[in-house]
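To start, the structure under review is shown below, and the notes come after it.
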Amino acid sequence: MGQKIVTEVVVIGGGMTGAGVLRDLTLRGIKAILVEQQDLGHGTSTRNHGLLHSGARYAVRDEEAAIESYRENLILKKTVPGSVEQTGGLFAKVQEDDDGYVSKWLAACEKVGIPAEEVPIEQALREEPFLNKKVQAVYRVPDGAVDCFTMVVDVVADAVARGAKALTYHEVVDVLTVQNQVIGVRVRDVFTGELKEIFANLVINAAGPWGSRIAELADVPLRLINNKGMLAIFSHRFNRQVINRLRLPGDADIFVPAHNVTIFGTTGINVEDPNDFSLHREELEGMLVEGEKLVPSIHGMRMIRAFSGSRPLYQESTVSDASGRNVTRGIALLDHQRRDGLAGLITITGGKLTTFRFMAEKTVDLVCEKLGVHATCTTDQEMVPHRNAGEFFKEVDMAPAAKHKLTHWAGTNAEKIKSSIQEKDSNVVVCECEQVTWAEIEAVIPEEGRLHLGDIRRRTRLGMGPCQGTFCNHRVAALAVENGKASTEEAEWALHHALGERKKGMDVVATGETAKQLQLMEAIYRVSLGIGEEDHHHV
């Protein structure tokens, strides 16, 4: 057996919930290690529309989730400002929607304290010119947009800066127990195959859709519905605010602005496998038919990719709901000692991206109770370091868009990027679509571990623009080899993997300009560079 590590708490899952739990533990002085089978935010936390919920979407059907969402919306705007854009949101009623629902919705919003202000239709159309001209009523709510990529990375980075540890690309292969007590986990390094044992007083299962598998390793039952949703990304941002349809939550009824693009979704289909990220053209076409009722011109707009992810919905009942729409978005905090007679294991699941901090607070309250720690939660007040690199980048000669992005998004990597620019000519823009410089990329390549273009993308937005990495992925691979950051073999693997992932999202939307872009990508990589379609050693 390989390395043995001792800590107080192990957190399984490097999504938003696990990140929040790790930070809360650390702020309360509890030693913790987070383990994630792939990269931070690989799963549900970055496979969504990035909506910072006001709670209005759930006000009628799920009052508790609505209350939690609105409260956390206000807290996150204060405590994680670098990852939140306060766009505001509109709820618009179109002709097909039930007239009676409007009064129910307004009464529900008033009951839980969510501000909903009617907007004159003429004003709404001036603000959002792509909105259906035949809308019958429009209301404003305090929705927002979240950069879930930067949020999960920054929350974990803050915890690590305070003494926590995070092991990415470490898969939990066993939950270690003695009699009726969990004493730790056995993990496998995905790249090297090395096994490590981490011993702890408590193990927290925050693995999202993979939570059932962790429970199975511990031999306790956990019924989760993996509800897969599909989303599409348009090549430009055509709405200033979030646009919601004023009806009970359904498919294809949200448009969320995200940096330079608009994200549109979503659907809801229950699947068995949490790794099922499949995409189907028929599902997309159904979304577009619904979506055009809010934004009639979407059929003429360019989509650059589609993606999907699973929501972990907790349900004790065995009654199935194939759409997952009637299952609560509320939080499930399970103490397996009380529930199953197995001490040392806690599961936190359900909820929303918007409620991750509250989920973490309740989880760590239970941890403190079990460990006899007297420390109150401060994550509702203590800010995650703002992604603002200060005055330095204002003095650097670079493209205006790159300068703006670095000034506001460099975050915990600011010092690395500064030193890289000062020591050598690293200020070259490698990705024109998103204005990503080599200095940014170099700052996020791990000292140890494999070059992974997807991990770089999640931290810098490399390849997220209209060309989807056609022109920048091979540049990064070449620069990584030239600068001693990767071997030729590692760079080739990184290109194989990135090409496969980008193509998967483009294939399903590949009409018009995106079809041409996909053909160009294949010509460059398969013909010019001789890189085939196979994806080596998928991670």
Side-chain angles (χ1 to χ4, degrees), residues 7-36 40-41 43-45 64-65 67-69 71-72 75-76 79-80 151-152 155-156 158-159 162 164-166 172 175 182 184-185 198 200-212 214-215 218 220 222 224 311-314 328-340 342-382 384:
T7 190
E8 289 184 271
V9 178
V10 171
V11 182
I12 302 172
M16 210 60 253
T17 303
V21 170
L22 184 74
R23 181 171 186 257
D24 197 324
L25 286 165
T26 309
L27 283 170
R28 298 202 215 189
I30 299 169
K31 291 180 181 176
I33 295 175
L34 180 143
V35 291
E36 161 57 42
L40 297 175
T44 304
S45 295
E64 187 178 3
I67 292 167
E68 290 167 357
S69 292
R71 183 186 63 239
E72 294 303 304
I75 291 172
L76 293 183
T79 58
V80 202
M151 185 180 275
V152 68
V155 168
V156 171
D158 188 41
R162 297 170 185 268
K165 291 183 180 175
V172 175
V175 174
V182 170
V185 294
I198 308 174
N201 299 321
L202 282 171
V203 171
I204 298 173
N205 175 12
W210 293 267
S212 294
I214 300 301
V220 292
L222 178 61
L224 287 180
R311 313 167 182 90
L313 306 179
Y314 176 70
T328 179
R329 268 45 175 176
I331 296 162
L333 176 61
L334 309 176
D335 178 352
H336 291 284
Q337 182 172 8
R338 295 172 189 159
R339 181 180 181 263
D340 306 298
L342 181 64
L345 181 65
I346 295 167
T347 290
I348 178 66
T349 193
K352 302 290 299 176
L353 177 73
T354 301
T355 60
F356 86 89
R357 190 215 61 84
F358 179 62
M359 294 170 73
E361 177 182 340
K362 290 299 172 191
T363 304
V364 181
D365 284 348
L366 181 56
V367 169
C368 288
E369 178 189 317
K370 289 183 172 296
L371 296 182
V373 173
H374 301 286
T376 55
C377 177
T378 59
T379 58
D380 60 338
Q381 300 294 328
E382 199 149 350
V384 173

By salt bridge (charged side-chain N to carboxylate O under 4.0 Å, His left out), which residues pair with [X], not counting sequence neighbours?
X      : result
Arg162 : Asp158, Glu382
Glu8   : none
Arg71  : none
Glu72  : Arg357

(request) Verify, without hydrogens or angle tests, whether Thr79 (side chain) and Ile75 (backbone) share a donor-acceptor contact under 3.5 angstrom. (result)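 Pair found, side chain donor or acceptor close to backbone of Ile75.
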
(request) Return yes if some donor-acceptor pair links the side-chain N/O of Ser69 with the main-chain N/O of Ala65 below 3.5 Å, else return no. (result)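 Yes.
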
Can you tell me how far apart [atom1] ([X]) and [atom2] ([Y]) are? Round to the nearest 0.5 Å.
X      : Y      : atom1 : atom2 : answer
Asp24  : Thr363 : CG    : OG1   : 8.5 Å
Tyr314 : Leu224 : OH    : CG    : 8.5 Å
Ile12  : Ile33  : CD1   : CD1   : 12.0 Å
Thr44  : Trp210 : OG1   : CH2   : 5.5 Å
Thr355 : Ile67  : OG1   : CD1   : 13.0 Å
Leu333 : Ile204 : CG    : CD1   : 9.0 Å

(message) One pair to check against side-chain contact (heavy atoms from CB on, under 4.5 Å): Leu371 and Ile30. What are the steps and the verdict?
(response) CA-CA 9 Å; Leu371 296 182; Ile30 299 169; 4.3 Å; yes

Identify the two heavy atoms, one from [X] and one from [Y], that lie closest to each other, and give their separation to 0.1 Å.
X      : Y      : result
Pro312 : Pro209 : CB-N, 3.7 Å
Cys377 : Glu361 : SG-CG, 3.6 Å
Leu342 : Ala218 : CD2-O, 3.6 Å
Ala32  : Leu25  : CB-CD1, 3.7 Å

(request) Would you check, one step at a time, whether the test side-chain contact (heavy atoms from CB on, under 4.5 Å) holds for Val9 with Lys31? (result) CA-CA 6 Å; Val9 178; Lys31 291 180 181 176; over 6 Å; no

Applying side-chain contact (heavy atoms from CB on, under 4.5 Å), can you list everything that pairs with [X], at least two apart in sequence or on another chain?
X      : answer
Thr347 : Asn205, Leu222, Leu334, His336, Thr349
Ala343 : Gln181, Gln337
Val152 : Met16, Ala19
Ala159 : Leu22, Arg23, Thr26, Ala164

(message) Apply side-chain contact (heavy atoms from CB on, under 4.5 Å) to residues Val373 and Val367 and explain how you reach the verdict.
(response) CA-CA 8 Å; Val373 173; Val367 169; over 6 Å; no

(request) Provide the full list of side chain to side chain donor-acceptor pair (under 3.5 Å) pairs with a residue in residues 12-21, sequence neighbours left out, each pair given once. (result)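 The answer is none; no pair qualifies.
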
(request) Give the intermediate values and the outcome of side-chain contact (heavy atoms from CB on, under 4.5 Å) for residues Ile346 and Leu366. (result) CA-CA 9 Å; Ile346 295 167; Leu366 181 56; 3.8 Å; yes

Is there side-chain contact between [X] and [Y], with heavy atoms separated by less than 4.5 Å?
X      : Y      : result
His374 : Cys368 : no
Val220 : Leu345 : yes
Arg28  : Val364 : yes
Ile198 : Thr7   : yes

(message) Applying salt bridge (charged side-chain N to carboxylate O under 4.0 Å, His left out) as the test, list every pair that has at least one member in residues 10-21; sequence neighbours left out.
(response)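 Residue pairs with at least one partner in residues 10-21: there are none.
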
(request) Among residues two or more places apart or on two chains, list those pairs meeting salt bridge (charged side-chain N to carboxylate O under 4.0 Å, His left out) that have a residue in residues 368-378. (result)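 Applying salt bridge (charged side-chain N to carboxylate O under 4.0 Å, His left out) to every pair that reaches into residues 368-378, excluding sequence neighbours, yields Asp335-Lys370, Arg338-Glu369.
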
